[in-house]
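Every number for a ligand or one of its atoms is a count from 1 in the order of the listing. All values below come from the heavy atoms of this structure, side chains included, with hydrogens, waters and symmetry mates left out.
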Amino acid sequence: MQRLTPTHLDPRSPLVLDTKDLPRRPGALRAVDRTAPAPEGLGVAMIGVPTGSELTLHLRMESVSEGVLVSGTASGRVVGECGRCLRTIDEPVEVQIQELFAYAHSTTDETTDEDEVGRLQGDLIDLEPPLRDAVVLSLPTTPLCREDCPGLCPDCGVPWDELPEGHGHDQVDPRWAALTQLTKQNTEE
Ligand SMILES: [Zn+2]
Ligand SMILES: [Zn+2]
């Protein structure tokens, strides 16, 4: 069968959903439970899902009059650096996905912009854009290892969490110490 919409999507890709078994009758449902390797650059500058790490998808595709509604969750882990103490953050993440993919030539297709709703490409759905949006929106611009992370000691740069209680730098700066020594010598002479 000749497809009207050209598609660049690979139906074997785990982030591509195939709707050919989903009846185009509003209310028809199909569950999609699978794992997928995380695509590149899934995150923000300081934190993100490592490329190739496992994402678990629990989704359902639902036929609606204008297209296919995809909803559910994607979970995996995010790795990054604490914005205060620079220690590694490695924690689980779960995001909600809900996105309408409009049928070609449906009213929705013809009355919305490309970036407002997704589009079916033939029978295929590209999950990557909504996944990317959901993950990026869920991540903080300044990730923290814990909410009240005290950061680093400004004098030695060691995370406060790793320093003994009462840590401080009472000693005079070594450069001043040398001067003090000189002054002392001068006075003694
Ligand atoms: Zn921290
Ligand atoms: Zn210190």
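If you put the vertex on the Zn ion (ligand 2), SG of C153 and NE2 of H169 sit 100° apart, to the nearest 10°. The Zn ion (ligand 2) forms the vertex of an angle spanning NE2 of H167 and SG of C156; to the nearest 10 degrees it equals 110°.
At least one donor-acceptor pair closer than 3.5 Å links the side chain of R30 to the backbone N or O of D21. Between the E162 side chain and the P159 main chain, no donor and acceptor come within less than 3.5 Å of each other. Of the possible polar contacts, one joining the R132 side chain to the G41 backbone as a donor-acceptor pair under 3.5 Å is found. A distance-only check finds a donor-acceptor pair linking the side chain of S63 to the backbone of P23 [under 3.5 Å].
Around the Zn ion (ligand 1), protein N, O or S atoms at less than 2.8 Å number 4.
Looking at R119 and T112, their side chains do bring a donor and an acceptor atom within 3.5 Å of each other.
Nearest heavy atom pair, residue L86 against residue E81, reads O-CG, 3.2 Å.
Interatomic distance, CG of D133 versus CD of E99, reported as 7.0 Å (0.5 Å rounding).
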